[in-house]
Structures are given as C-alpha cells and as structure tokens.
Protein chains: 2
Amino acid sequence: MPMSATPRRRPTIKEVARVAGVSHQTVSRYLRFSGGLKESTRARVDAAIRELDYRPNLIARSMRTRRTGRLAILLPGMSSFSPDRMLAGAVATARAEGFVVEVLSVDGGPGARAERTRELADSGQVEGVLSLAPLVSDAGQEPNASAPVVVSADLDDDMRGIGGLADGSVVADLVEGLAGAGHRRFLHVSGSLGFASARERKQTYLTTVERLGLESYGVVDGDWSAESGREAVRSLPEDGGVTAVIAANDVVAAGVVRGALERGWSVPGDLSVTGWDNHPVGAYLSPALTTVDVDRERLGADAMRRLVAAVRGTVPEVSDAPLNRIIWRESTGPGPERA
Amino acid sequence: MPMSATPRRRPTIKEVARVAGVSHQTVSRYLRFSGGLKESTRARVDAAIRELDYRPNLIARSMRTRRTGRLAILLPGMSSFSPDRMLAGAVATARAEGFVVEVLSVDGGPGARAERTRELADSGQVEGVLSLAPLVSDAGQEPNASAPVVVSADLDDDMRGIGGLADGSVVADLVEGLAGAGHRRFLHVSGSLGFASARERKQTYLTTVERLGLESYGVVDGDWSAESGREAVRSLPEDGGVTAVIAANDVVAAGVVRGALERGWSVPGDLSVTGWDNHPVGAYLSPALTTVDVDRERLGADAMRRLVAAVRGTVPEVSDAPLNRIIWRESTGPGPERA
DNA sequence: AGAGAAAAAGTGAACGTTCACTATTTGTGG
DNA sequence: CCACAAATAGTGAACGTTCACTTTTTCTCT
C-alpha cells in the first residue's frame, strides 16, 4: 500500500517560463516549433523543461487548438471475423502520423455500427473514423461538418482502393490455376455478403468461370465460418462432378475439407480446396491448405493512410506493391482430366 | 467535393443557458447530475439542449476536472499471439464503466513495452493502463504518482487472479483425463515462457505428472507457433513411449498433429494431442482437436474490471464462474494400457 | 404571517495552453 | 551613428467547462 507521498501537480508552461526567466509565450513557441528563438533562450528553456521534467498538457492544448489528434477505429463486436493484424497495421500507421487512436468495438449489425459511427464522427472527440467492418451506407453524408469516415478498402463498397482490384484478380488466378490443373466444375463458398470483399470475390469467381468456359456448380453464401464450409460440401450431390472448391477463407476451407473427409472424399484426390488469409495453422493441416497470403497489416495501414489523408485534406499515397500472393499447397491437386 | 457550407461552431454551455434563460452554471449542473433542479428549469434546459443539438465539449471538461476518462490498452506489436477476443471484452467493459479506451500496439519485446507503459502511465493522458502482453517487471513502481497499470491476469506474474488458478487446475484435469484413459508417458510443448500463463501451465503439468506417478518425457519450450509443435514431435525418439502431448494452444497442437502424421503416427491411435483456446477451426480439423475452451472475452473483461477498480480505488468484483472448460474431441483417445 | 432553514440558481475565477497583438531588441544601409 | 526594418520576446485574452462561493427563492413551522 504505497500511499504515494506528494500529490505534486505537474509543472505548467508558466513555471517553466519562470525558471527559464522568459515569458510563457516563449516557452509555448519553443514547444511548437523551436524556430525564431535565439539560441541562448532556446537553451535556457530547454534546461528548464529538463529540470522540471515538464511535459505539455495535451488536453489543454487540444482545448485551445480545437484539434484532438485522435482517430477512432471501429471493430465489429462479436463475429468470427477478427481484424487483429489489420488493427495493428492501422494503429501503427496512425501513431506514426502523430495521431492517437481510440478503438471501440460495437456489437450488433451494420446498422448499429453506422449509428455509432455517425455519433462519433460529429462528437468532436475524434478527427476521423476508420471502420473495419461494413456499415450500412447512409447514402447522403452528414449535413453537419462531421469528421471523415473511411471504411477499410478491403471491405469498402467503393472499389477504388487497391484492395478491391487485387482481391479480384487473385480469385481469377486461383480459378485459372485450378483450371490449368484440369479442373472443370467448381463450387464457391462465399463469406458474409455484407463484406465488400466477399461480394467482390464471389463476383470475380463467377465471371472467371464464365470467361474460361468452365462450369460453376454454384455459390453457397456462407458466413466466414467453418460450419458453412462443411455444410456446403454436405449439400453437394454424390456425383455432381465438382472437383474444386474456392472457399472464402482458411477457416471455411478447413470446414470444407472436414466435410469432404466425412463423406469419404479425399483431398486433394477427389476434391481440391483453396482458402484465403494464410492462417498460421493452414500450413500444418493435413492436407496443408492452399491459400492466399494477404498482407493484412498493410491493408490496415493503407486504410489508415486514406483516413489520415482525408483528415488533412491531402491525397493519400497509393502503395503499389502486391498485396496478395497465392500459396499452393497440398489441398489442391490435378483435376479429373489429368488424373 | 462538398465544401461544407457553414463552418458553424458547436454551441456552448453559455448559449444553452441563454436560450433556456438560466445561468451557465445551471446548465452545467443539469449536465452532471440533473438533481437539485426544479422540474420547470430542468425542462427548459432540456429543451434548449435539444434545440441547439448541444453536446458537451469533453475536452474542456477534462481540462477542468483533470480527469480524462481514458484508459490505454497495450497490445503486443507483432507476435503470433493476438488477443482479439480479450481486447473486445476489455473494451466493452471499459465503455460500460464510462471510460474511453485507447489502444496501441507496441513492437519489440517486454522491455520496449514496459518503457512505453511507464511513459503512458505518467503522461497524464490516461488514467490507467492495461497491458495484454507481459512486461518486464520494473521492480519498484514509479516514484511519480503515475496511473495504475494492470497486466492481464492471464499473463500476469502475480497469480492472485482467477486466471492463474483456473489455468492450472485445467492442465491437471487434462493430464488426469489422459491418465485415466491409459496414458503414462507425456510430453508438454509450452508457449513462450515470457507469458505467465505459459509458465503456469508448464508448472502444473510437471507437478501433476509427478503427483499421479506418471512419466514426463520432457517439456519443449516453444513459442505458441505451429512450427514449435511440429519440431517437438520430430525430436521425439521413435520408441520413446510418449503417447500423449499437451500442447500450449491449438495452433501448437495443429503442428504437433502434423508432425505426428509426417512420421507416420496416427492421431489419436499412436499419439493423443490436446490444444488450448477452442480455436474456431479446431473442431473441423481431422482429427478434431481436443481443447480447452477459454472465455477470453471474459478474461479481458475481468482484467479491465481490475484496472477500473484500481483507478477508482475500489475493490474489483471477482467473478467466480468457471473460465475454462475441457472439450474432448477426436485428437485424444485411449492410451497403450487400454489398447 | 413572518423567521429561519433548505433548496435552487447565479457569479466570477480557474484549469494550461495558444492566438492575436504589442513591445522590445537586434541588425543594416546610408 | 541614426533611422528603420526584421527578428525576437512579452502581454492579455480566449478556448468551454467546473469549482467554490454568494445570492435569491421556496418551503416549513410556529
């Protein structure tokens, strides 16, 4: 029970000024941009700050400048989708740009999130909001001069982002790769269609199958869960001829594999399966999962960069390094035409 | 490019007062605790607030009260351990208690994190810090009257928390269950020993094996990774007699299973394997993973409750509901004595 | 109905910074 | 060496609340 001795107040700018023998305004100048100070005074202020272990009261500063230097990140409350890597990337970027990040997870659907976002955006508490989960698009933006809102490119409806394009092209590569291996009849198990990335992948799957003159047994609209993958395989007819499944992510793919094994089908002997995300365990499953490695950290960082740019009224730097990369592993093999 | 029309300032307490025909202090009173106001004035203030769409400037409030209402949560920067569920639980609890949470992920080891924590704790920016990753224990606390710091009970060194106890007892149950099924020779693959939970499990494993008169082939100190599990199995001699492996978590367990299969051992035929965490894919692996279901959300919530109590100087409510629950699945089976 | 207490409402300062000025010092060209 | 500009430093107000008081109103009891 260390009853801390002196409840000493933190030193203020004025005390620093007194110690340094200058005016408080000079200290303030020193703090903001140490230009325009004579070297001698600069040194005196510096010494005083050091001596008193002074650190500026950022709240008082915020109050005066009316800038909070804070951004909010919205997390989906409870879903199987947990954006941990993205979060880390986004947080790191924000910090690097000099912002403090406040994270809050909101339970409930896109509606609840949109509501909360709106509330946040014009609360004056934060300068911008980044949502890592889909919102219901509230058509017209706020009438209030509210803070900018960015929905992660991975999930966003406006497909300008790199995320969108890259996403699509990789599904196409996946299908082409399998077709090249002799597969003709496909199944896609999608993620929750509330996610733009899920819609995008589904769409690209359909058009690619069409474009290459292949057949799609269909698309099962899932929810990113393993169970949805298992169910999808269960619903397949015994001799439907499907030999390849494009699953929305690795978790779904694991479910697909399980479902196949339960029916006595071998993977990849009878059925090839692809996942998405390069989940840490994917390589250690049997069979090891073919997947798409996604730089989620960078995805989060990019989204945050977009937000920061919006806040500052500048144009975001677009990164062009490839974001996705297919990793072929054991869960995919030659199709019937090569067998 | 909607060049937002009026850059209208937010209304202040004084404007509300003017509209309501009362003093600013009356409005302030209304805002903080609407007690002590005559019903008629209460209504007038209420109407004025509504009319102006007034919302209090929390920064100004913070400045005056010297309370920020903010807590920080520290996440490990980049590790295989991502505390997403815990984060959600902690954030939700903090919000429910009226705090705003600021999350930051810190790269680097426990040293870097401890440094950053210290910095945060006496930055005056937050009223408390919750770390979801181990810190180097800085022996004596800060000399400054800094904000309280709580390291999650799951990870903390002081084992007072519920987390510690529950953890241990469940490892014992695991070993006992396997012993009851006829297993005699065990292997433990631990998590990073920087984590108190990893040390705790290891310790309980050792004492339980001892207590029941079983044999431990040894403990492999891992790092929560699948590869560490795979390596552990590889290092086993062909006829060492190990028939059961207690893995630090499901990811490690997946690696163990993989390693076993690669050696031509069947799971659970030749080797029983247990994981930890009830990872979403665990039930869909083949074999489905025996694991320990951990209410990580509540773990996070409990840790946050501890922090809030520390900040307020009150005693935290201890929850007593069981936190962990073994789920026996296919990856464990009878040992040699029953075969 | 009036005194006194309790309840309700008001007043001005303070929190620690930065902003918008004004004052002083330093430097420069003729 | 002086007038003048540029560089540097200083002064007081303002940001929007709450705190610590003081004043006014309302209620209660005799």
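In what follows, chains are A, B, ... by sequence order, proteins preceding strands, each numbered from 1.
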Distance in angstrom units between Arg42(A) CZ and dA9(D) P, rounded = 12 Å
Check Leu71(B) against Ala94(B) and note the closest heavy-atom contact, atom names and distance.
-> CD1-CB, 4.4 Å
Val19(A) and Leu52(A): which non-hydrogen atoms are nearest, and at how many Å?
-> CG2-CD1, 3.9 Å
At their closest point, which heavy atom of Leu130(A) faces which heavy atom of Ala90(A), and how far apart are they?
-> CD2-CB, 4.0 Å
Could you check how far CG of Leu31(B) sits from C1' of dA9(C), rounded to whole Å?
-> 16 Å
If a protein heavy atom is under 4.0 Å from the base, mark B; if only from the sugar-phosphate, S; if neither, -; do that for nucleotides 11-16 of chain D going 5' to 3'.
-> BBBBBB
Whole angstrom value for the distance that separates C1' of dA9(D) from CZ of Arg44(A) = 11 Å
Rounded distance in Å - CD1 (Ile59(A)) to C1' (dT17(C)) | 12 Å
Closest non-hydrogen atoms of Leu135(B) and Val149(B), given as atom of the first, atom of the second and distance, are CD1-CG1, 4.4 Å
List the steps, then state whether side-chain hydrogen bond (donor to acceptor under 3.5 Å, both in side chains) holds for Ser28(A) with Arg32(A).
-> CA-CA 6 Å; Ser28(A) 175; Arg32(A) 284 174 295 154; 3.3 Å; yes
Which whole-number value in Å describes the distance from Arg55(A) CZ to dT17(C) P?
-> 12 Å
Please give, in whole Å, the distance from dG10(D) C1' to Arg18(A) CZ?
-> 17 Å
With a 4.0 Å cut-off on heavy atoms, is Ser62(A) in touch with a base, just the backbone sugar-phosphate, or nothing at all?
-> nothing
So, is Thr65(B) close to the dT18(D) phosphate, meaning a side-chain N or O under 4.0 Å from OP1 or OP2?
-> no
Where Glu119(A) and Arg55(B) come nearest, the two heavy atoms and their spacing = O-NH1, 4.2 Å
